[in-house]
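Working notes for the structure below.
The shown structure was predicted, so the numbers you read here are calculated from the model rather than taken from an experiment. To find a chain, count down the sequence lines: A is the first, B the second, and so on, and within it residues start at 1. These numbers come from the heavy atoms of this one structure, side chains and all, not from hydrogens, waters or symmetry mates.
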There are 2 protein chains.
Amino acid sequence: MKQLHWIINVFKKIQLRRKITLKDIARELEVSISTVSKALKNSEEIGRDTKEKVQAFAKLYNYKPNNIAVSLKNKHTKNIGVVVPDIVHYFFTTVFRGIEKYANSKGYNVIACISDGSFHKEVISMEMLANGSIDGFIMALSSETQLKGDYNHLKEVTNQGIPLVLFDSITEEVQCDKVVINDEQVAFQAVEKMIKSGKKRIALFSSGSFYTVNKNRENGYRKALINNGLGVDENLILELPHDENMDSIDSFLEANKIDAILAVNEIMAIHAMSIVRKMGLRIPEDISFIGFTNGLLSQYAVPRLTSIAQHGDRMGEVAAEMLIDRVETEYDEEQVEVFRTEVIDAAIIERESTIN
Amino acid sequence: MKQLHWIINVFKKIQLRRKITLKDIARELEVSISTVSKALKNSEEIGRDTKEKVQAFAKLYNYKPNNIAVSLKNKHTKNIGVVVPDIVHYFFTTVFRGIEKYANSKGYNVIACISDGSFHKEVISMEMLANGSIDGFIMALSSETQLKGDYNHLKEVTNQGIPLVLFDSITEEVQCDKVVINDEQVAFQAVEKMIKSGKKRIALFSSGSFYTVNKNRENGYRKALINNGLGVDENLILELPHDENMDSIDSFLEANKIDAILAVNEIMAIHAMSIVRKMGLRIPEDISFIGFTNGLLSQYAVPRLTSIAQHGDRMGEVAAEMLIDRVETEYDEEQVEVFRTEVIDAAIIERESTIN
DNA sequence: TATCAACACGAAACCGTTTTCGTAGTTTTT
DNA sequence: AAAAACTACGAAAACGGTTTCGTGTTGATA
């Protein structure tokens with residue numbers, strides 16, 4: 001038994017090799033830590049043979065600098081924080097993927113926080129990360145935050161000089177870079193498309209106009225109706241927050257005679273479609289559908305849903321690019337910062353739920 | 001102009017307040033850094049009034065310790081790395097959400113890396129994070145890694161003493177904690193269910209048997225057929241890797257007369273369902289469907305897809321719990337590590353694509 | 001031969017914490 | 001009154017790097 005322990009320990013000692021540090025290399029090669037550091041950076045200061053010796057040794061023992069130590073010294077972490085309300089929704093997933101892809105290509109890692117629609121968790125997450133863990137934030141505001149209109153946690157962060165990029169669900173109240181899609185314009189186009197195909201009583205299914213995106217989409221919807229000589233019937237605008245159940249869609253459809261629906265997300269569209277089908281109406285002849293978010297749901301719906309591609313991947317890439325630019329160009333006290341808001345063009349993907 | 005610059009600078013100086021450090025507090029209060037540090041931790045060593053003074057000052061100036069410095073000192077980062085092949089798929093998304101939720105409740109942040117099915121990116125990601133950025137890994141193997149059978153990057157990491165939890169797509173070759181579902185058993189049940197409803201020619205749609213999960217599901221499928229006196233017709237097993245297009249499903253369905261399909265993911269199931277519908281066959285009367293992954297696609301399909309809930313959230317939570325346990329109970333040289341593999345029970349959610 | 005660069009390297013400060021240990025000053029014990 | 005024991009705090013090392021600056025050694029120049 002004693003014997004066995006001994007064997008196991010030796011085994012572990014062999015297996016479990018600690019990460020090697022500059023100090024280890026310095027000791028082993030009988031040079032100073034600074035020499036090792038410089039040699040590994042191929043500094044001109046260090047002689048040829050010393051460099052070769054150090055580099056060979058480092059390679060042999062698979063030396064990699066400790067990220068934390070480098071971060072502490074250099075005051076940047078090569079991490080970016082992403083705070084989103086949700087991750088299961090196709091749109092956010094694709095944005096996240098876009099961010100991760102670009103960030104990774106620039107040597108950054110992505111820390112993901114899901115606010116789950118909660119103001120409090122949004123605040124907590126940002127506070128956790130703002131204490132040195134990240135170089136900047138990319139975020140989409142949660143619904144609760146938009147409702148409260150309390151953006152102090154964002155201002156806090158920007159005041160500390162931490163770059164912030166807002167996307168999708170944004171606010172004018174905090175000055176930072178932003179990336180959005182042309183919601184109003186594309187909603188306008190979508191509604192106009194349905195009008196052109198002969199639709200007259202067009203409903204809007206929204207998840208709440210406190211979201212800037214929804215507000216913009218609603219504006220586009222209204223303008224399209226008015227521009228085409230159709231008045232806006234306020235009864236045809238259904239607001240249904242995310243967390244509420246969708247039963248009111250039933251009653252809405254029964255109460256209102258409509259011939260087209262624009263939905264701000266694919267879930268509402270798909271849900272409404274299934275009810276409409278059960279009511280025995282034909283899609284798109286009796287009712288046309290267009291939904292925001294060109295996700296799997298839209299692609300595989302029956303009939304396939306005409307939808308508005310938000311180009312989440314692209315948004316993510318752009319957001320990450322803006323953020324990393326901001327992070328890497330050091331802040332100049334002399335110069336007034338000017339923030340950009342990038343707008344990505346959404347595209348209407350025509351499928352079977354609308355008449356061409 | 002000079003005047004303007006001056007105004008702007010003053011404005012910025014006021015706005016942009018640097019994060020306060022222990023040193024700042026110490027200087028201001030004319031005590032030592034160590035005293036401040038201890039006072040903030042409510043150490044018994046420090047006198048009542050000094051503690052109060054320091055704590056009040058810290059609160060006033062909103063002092064928060066620098067995470068990076070703490071990490072460097074304490075040798076743990078409170079970050080965990082999650083490496084998954086994909087993030088748009090419902091299953092991975094829910095697992096991720098589960099991980100994030102549990103991790104956050106324990107004060108950990110989650111760094112997400114998407115390997116995108118690539119062995120190389122998996123390796124790169126792990127190397128980036130293994131240099132001190134994280135305390136442990138949770139990961140699902142990419143398809144390429146499973147294909148190559150090269151797990152050196154995982155062994156590398158565990159050899160360095162970094163805890164690792166594998167989920168979903170795992171391997172026996174590396175010793176670590178694991179969490180999976182009872183794939184074989186639930187596949188068995190699913191197939192048997194279809195047999196009981198009178199189905200005889202049951203196909204399996206798989207995305208490649210190099211995935212351990214798919215292999216297990218296939219085993220369950222085979223056993224169910226054999227157990228019920230139906231032989232296994234190898235022609236009825238269709239293997240279609242993720243990245244290939246799904247056209248071969250068409251030809252498969254034309255070539256083989258079948259009356260039920262078990263698909264290892266919902267996409268294949270939904271895709272097959274749409275083809276079957278176009279062929280004019282009835283679901284579930286002519287062909288029944290069961291798909292793994294109880295995602296939105298399954299819920300909103302027409303007809304709604306009977307599916308196998310993998311309980312991604314739960315898997316994520318369990319994985320995170322196992323990892324954090326491992327991280328926080330310090331490693332004991334004397335004691336042999338014993339790894340657990342937790343198995344979560346999957347559930348068959350009956351809907352309209354099968355006969356009850 | 002004295003002077004001066006250039007070269008090659010090391011000492012030390014620093015990033016912001018934590019933690020051990022030492023020590024004045026005060027109180028208690030004998 | 002001397003010894004012992006607290007009390008309350010500070011100095012300093014440590015975590016693992018980066019970087020500035022100083023310096024001993026060389027070879028070239030005057």
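- Residue pairs meeting the side chain to side chain donor-acceptor pair (under 3.5 Å) criterion with at least one partner in residues 23-36 of chain A, sequence neighbours excluded, are R18(A)-D24(A), T21(A)-D24(A), D24(A)-R27(A), S32(A)-S34(A), S32(A)-T35(A).
- With sequence neighbours excluded, no residue forms a side chain to side chain contact (heavy atoms under 4.5 Å, CB included) with D49(B).
- In this structure, the nucleotide among dC15(C), dT17(C), dC15(D) sitting nearest to the side chain of L72(A) is dC15(C).
- Computed from coordinates, the I25(A) CD1 to dT18(D) C1' distance equals 15 Å when rounded to whole Å.
- Closest approach to the T21(A) side chain among dT18(D), dT18(C), dG17(D) is made by dG17(D) (side chain taken as heavy atoms from C-beta onward).
- Over its length, the helix from dT1(C)-dA30(D) to dT30(C)-dA1(D) turns its helix axis by 70°, as judged from the five terminal pairs at each end, rounded to 10°.
- Distance, N42(B) CG to dT18(C) P: 14 Å, rounded to whole Å.
- Taking 4.5 Å as the limit, some side-chain heavy atom of V82(A) sits within range of a side-chain heavy atom of F96(A).
- Taking 4.0 Å as the cut-off between side-chain N and carboxylate O, K38(B) and E44(B) do not count as a salt-bridged pair.
- Counting to the nearest Å, the C1' atom of dC15(C) and the CG atom of N66(A) are 13 Å from each other.
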Tabulate below the donor-acceptor pairs under 3.5 Å that side-chain atoms of residues 113-120 of chain A make, not counting sequence neighbours, or state none.
| residue | atom | partner | partner atom | Å |
| --- | --- | --- | --- | --- |
| S115(A) | OG | V84(A) | O | 3.3 |
| S118(A) | OG | H120(A) | N | 3.2 |
| S118(A) | OG | K121(A) | N | 2.9 |

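- With rounding to whole Å, E52(B) atom CD is found 13 Å from dA8(D) atom P.
- Put simply, S37(A) has a side-chain N or O that comes within less than 4.0 Å of OP1 or OP2 on dT18(D).
- With sequence neighbours left out, E172(A) forms a side chain to side chain contact (heavy atoms under 4.5 Å, CB included) with I170(A), K178(A).
- Regarding D24(B), its CG atom lies at a distance of 10 Å from the P atom of dC15(C), rounded to whole Å.
- The side chain of Y63(B) places an N or O atom within less than 4.0 Å of a non-bridging phosphate oxygen (OP1 or OP2) of dT17(C).
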Please list, for nucleotides 24-26 of chain D, all pairs of protein and nucleotide N/O atoms separated by less than 3.5 Å.
none

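- For the pair N74(A) CG and dC15(C) P, the computed distance is 13 Å after rounding to whole Å.
- Residues passing the side chain to side chain contact (heavy atoms under 4.5 Å, CB included) test with E317(B) are K101(B), Y102(B), R314(B), sequence neighbours excluded.
- Spacing between atom CG of L22(A) and atom C1' of dT18(D) amounts to 9 Å, rounded to whole angstrom units.
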Using atom types as modelled, flag every donor-acceptor pair under 3.5 Å from a side chain in residues 59-67 of chain A to any protein atom, sequence neighbours excluded.
| residue | atom | partner | partner atom | Å |
| --- | --- | --- | --- | --- |
| N62(A) | OD1 | K64(A) | NZ | 3.3 |
| N66(A) | OD1 | I68(A) | N | 2.7 |
| N66(A) | OD1 | A69(A) | N | 3.1 |
| N67(A) | OD1 | S133(B) | OG | 2.8 |

Base-contact (B) and sugar-phosphate-only (S) positions in nucleotides 4-13 of chain C, heavy-atom cut-off under 4.0 Å, - elsewhere: ----BBBBB-
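- Applying the side chain to side chain donor-acceptor pair (under 3.5 Å) rule to pairs touching residues 68-82 of chain A yields T77(A)-D135(A), sequence neighbours excluded.
- In this structure, the CZ atom of R18(B) is 12 Å from the C1' atom of dC15(C), given to the nearest Å.
- For K19(A), there are no side-chain hydrogen bond (donor to acceptor under 3.5 Å, both in side chains) partners, not counting sequence neighbours.
- With salt bridges taken as basic N to acidic carboxylate O contacts below 4.0 Å, none links K148(A) and E144(A).
- At dA14(D), none of the side-chain N or O atoms of K75(B) fall inside 4.0 Å of OP1 or OP2 (strictly under the cut-off).
- Partners of E156(B) by side-chain hydrogen bond (donor to acceptor under 3.5 Å, both in side chains), not counting sequence neighbours, listed by chain and number: R17(A).
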